**Q** 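Can you keep this structure in mind? I'll have questions shortly.
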There are 2 protein chains.
Amino acid sequence: MTRITSKFQTTHDCADCPIRHRAVCARCEADELAQLEQIKYYRSFEAGQNVVWAGDQMDFVASVVTGIATLSQTMEDGRRQMVGLLLPSDFVGRPGRNNSAYDVVAATDLVMCCFRKNPFENMMLRTPHIGQRLLEMTLDELDAAREWMLLLGRKTAREKIASLLCIIARRDASLQLRQSDGELRFDLPLTREAMSEYLGLTLETVSRQMSSLRKEGLIITEGKRHIIIPDFDSLLEETGDDSDGGFLV
Amino acid sequence: MTRITSKFQTTHDCADCPIRHRAVCARCEADELAQLEQIKYYRSFEAGQNVVWAGDQMDFVASVVTGIATLSQTMEDGRRQMVGLLLPSDFVGRPGRNNSAYDVVAATDLVMCCFRKNPFENMMLRTPHIGQRLLEMTLDELDAAREWMLLLGRKTAREKIASLLCIIARRDASLQLRQSDGELRFDLPLTREAMSEYLGLTLETVSRQMSSLRKEGLIITEGKRHIIIPDFDSLLEETGDDSDGGFLV
DNA sequence: CCCAAGCCTTGACATAGATCAACCCATGAC
DNA sequence: GTCATGGGTTGATCTATGTCAAGGCTTGGG
């Protein structure tokens, strides 16, 4: 776990630690180690590995430390729909339920910080702060899910692709601050297939629309996965979203 | 508000009252009247009326007492997607946010029980029980949203219609217990247009698929809105859902 | 009684995206 | 070097659903 311990310096609000890692922090470790010793542990997964399968027992809740995980549902005939995309600091698992309703899959190499479910639930009872934080996060996820429903139900393939690129670019930028002058660059953490599962499209359509955005200069690609967005606002206009989105706080 | 007071006899777990009405109960009124006097009030709406508009200030949270409300998002060019369907006992509003992100519309005549937001938030701080209940409800909504995403992203028009009918029939049955032998009957509380906004279809497609299910005997209609499902399981098979859905508890 | 407004249905036609298929390019095993 | 594999692209075709348009039924107002 060297990748994690190397981050112990990060300044960090300890109270948030059990349910939202920005990083794992030294102070928090010291403060809570006693009670957490038996509760908290780390697990690593390789890209493509399942963390749990839909229907399986899931005796832990967890938050993503590094990497990206997805939640997906599968229909009997194999049609799949992604229903959650977990970036670092995001939370999975549902207090008060013992089985996962979804496949949880590592989209990239992945490190998760897990908490055994029962002790975590007890901790929630003793520490209302944690429940409140969890409620806040769940409400955020619900909002994200509702945006996603608009995308799935009403957007064109091109709008879907543009939206996804903007979502990832935005999250990536806020995590890693990689812009240089107006230009945004990042590695797509998803295969074309994973993108198609996110967007409710086939992977061929994803590929075609990516090509089309590339031909029109809205994105530039280096290799298959590295994306450059020369002008974020132009791409935003292709999403069909209200331009002044963030007026809600 | 006679419709409400007439239900005061209903047995009811008081602790749940502030955030989930099964009915408004006398004991609860007595217990909490003092603190609630300034907090709690009722509002009625006619079918079609907006409760709030997306972006508007929303200084209350509320639960549905009778009738049905919808949450919808609209794109600049007018495309609309429903993202929430609120049946009696469901909750709207988000502690910690002052503006509604969605249009809230009365789909039928509607009575809501509202709580002023600030006092409600204070009450949440004093009463952890309420926060826990709200977390539970929010997690349920998130699960519902994720089912809905699968529907929007991957189901055919026919599967979408069958799913919607099953969802409403089930909720309606659990609320009102109206089955007689295997047969289920209920009034569709949604226009074809509202159904199309729910399902991410056009109203013409909704109409055609309803006709097709009718011709095949999977549903029977009396007038435009009254639906009879002669065999719920046959209809369920048209939804594409896993037959043994409810194994999670 | 007539008329307008909502809501719904049905038909004819257009099209976005799915499907099927071929092929390219890296990578890693042997 | 060869081969198999996984990921990605592109073309040709098909089809489910959208679009446009007409008309029916019910309700309520004048």
Side-chain angles (χ1 to χ4, degrees), chain A residues 46-49 75 77-81 105-109 151-165 187-216 219-227 238 240, chain B residues 46-49 75 77-81 105-109 151-162 164-165 187-216 219 221-227 238 240:
Chain A
E46 286 174 20
Q49 245 188 313
M75 294 171 66
D77 60 4
R79 281 176 279 173
R80 276 172 76 83
Q81 176 64 51
V105 184
T108 63
D109 290 347
L151 176 148
L152 289 171
R154 295 301 183 190
K155 288 189 178 179
T156 65
R158 157 181 270 250
E159 289 168 339
K160 287 178 174 182
I161 299 282
S163 302
L164 176 55
L165 292 175
D187 285 308
L188 253 190
L190 302 176
T191 64
R192 298 291 184 261
E193 188 181 22
M195 292 173 71
S196 75
E197 282 178 20
Y198 186 110
L199 299 170
L201 298 170
T202 58
L203 82 176
E204 291 95 329
T205 300
V206 170
S207 184
R208 276 187 250 272
Q209 296 295 337
M210 291 286 290
S211 300
S212 146
L213 291 176
R214 176 156 28 81
K215 276 169 198 149
E216 295 173 35
I219 60 175
I220 302 167
T221 53
E222 281 174 6
K224 309 286 183 188
R225 294 290 195 86
H226 192 81
I227 305 286
E238 302 298 324
Chain B
E46 285 174 21
Q49 245 188 313
M75 294 171 67
D77 61 4
R79 281 175 280 173
R80 275 172 77 83
Q81 175 64 50
V105 184
T108 63
D109 290 347
L151 177 148
L152 290 170
R154 295 302 184 190
K155 288 189 179 180
T156 65
R158 158 181 268 250
E159 288 169 338
K160 287 179 176 183
I161 300 282
L164 176 56
L165 292 175
D187 285 308
L188 252 189
L190 302 176
T191 64
R192 297 292 184 260
E193 189 181 21
M195 292 173 72
S196 75
E197 282 178 20
Y198 185 111
L199 300 171
L201 298 170
T202 59
L203 82 175
E204 292 95 329
T205 300
V206 171
S207 183
R208 276 188 249 273
Q209 295 294 339
M210 291 286 290
S211 299
S212 146
L213 291 176
R214 176 157 26 81
K215 276 169 199 149
E216 295 173 35
I219 60 175
T221 54
E222 280 175 4
K224 309 285 181 189
R225 294 291 194 86
H226 192 80
I227 306 285
E238 302 298 323

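For clarity, every value in this text was computed on a predicted model and none was experimentally measured. Letters go in sequence order (proteins before strands), and every chain restarts at 1.
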**Q** How many whole angstroms separate atom CE of M195(B) from atom C1' of dT9(C)?
**A** 14 Å
**Q** Check every strand shown and say whether G200(B) touches a base, only sugar-phosphate, or nothing at a heavy-atom separation below 4.0 Å.
**A** sugar-phosphate
**Q** Which part of the nucleic acid does R225(A) contact within heavy-atom distance under 4.0 Å: base, sugar-phosphate only, or nothing?
**A** sugar-phosphate
**Q** To the nearest 0.5 Å, how far apart are OG in S163(A) and CZ in R158(A)?
**A** 11.5 Å
**Q** Return yes if the base of dC7(C) and the side-chain atoms of E193(B) contain a donor-acceptor N/O pair under 3.5 Å, otherwise no.
**A** no
**Q** Mark yes or no for whether S207(A), through its side chain, and L203(A), through its backbone, hold a donor-acceptor pair below 3.5 Å.
**A** no
**Q** Under 4.0 Å between a side-chain N/O of R214(A) and OP1 or OP2 of dT9(D), yes or no?
**A** yes
**Q** With a 4.0 Å cutoff (strictly under), does any side-chain N or O of S211(A) reach OP1 or OP2 of dT10(D)?
**A** yes
**Q** Would you please confirm or rule out a distance under 4.0 Å between OP1 or OP2 of dG18(D) and any side-chain N or O of T202(B)?
**A** yes
**Q** For L201(A) and dT19(C), what is the distance between atoms CG and P respectively, to the nearest whole Å?
**A** 11 Å
**Q** Assuming nearest nucleotide by heavy-atom distance, tell me which of Q209(B) and T205(A) is located more 5' along DNA chain D.
**A** T205(A)
**Q** Please tell me which of K155(A) and E204(A) maps to the more 5' nucleotide of DNA chain C, matching each residue to the nucleotide holding its nearest heavy atom.
**A** K155(A)
**Q** Looking only at heavy atoms, what is the nearest atom pair of R80(B) and R154(A), with distance?
**A** O-NE, 2.6 Å
**Q** Could you state the CG-C1' distance from L203(B) to dC7(C), rounded to the nearest angstrom?
**A** 9 Å
**Q** When only distance counts, do a donor and an acceptor, one from the side chain of R208(B) and one from the base of dG11(C), lie under 3.5 Å apart?
**A** yes
**Q** How many Å lie between NZ on K224(B) and P on dC8(C), as a whole number?
**A** 8 Å
**Q** In Å, rounded to the nearest 0.5 Å, how long is the span from CG of L165(B) to CE of M210(B)?
**A** 5.5 Å
**Q** Would one find a side-chain N or O of S207(B) under 4.0 angstrom from OP1 or OP2 of dC8(C)?
**A** no
**Q** From CD1 of I161(B) over to C1' of dT9(C), roughly how many Å is that when rounded to an integer?
**A** 14 Å
**Q** dC7(C) C1' sits how many Å from D187(B) CG, rounded?
**A** 16 Å
**Q** Does R214(B) reach the main-chain N or O of I219(B) with its side chain, forming a donor-acceptor pair under 3.5 Å?
**A** no
**Q** Just to confirm, is there a sub-4.0 Å distance from OP1 or OP2 of dT9(C) to any side-chain nitrogen or oxygen of R192(B)?
**A** yes
**Q** To the nearest Å, give me how far apart CD (Q81(B)) and P (dG18(D)) are.
**A** 12 Å
**Q** Please report, rounded to the nearest Å, how far the P atom of dA16(C) is from the CZ atom of R79(B).
**A** 13 Å
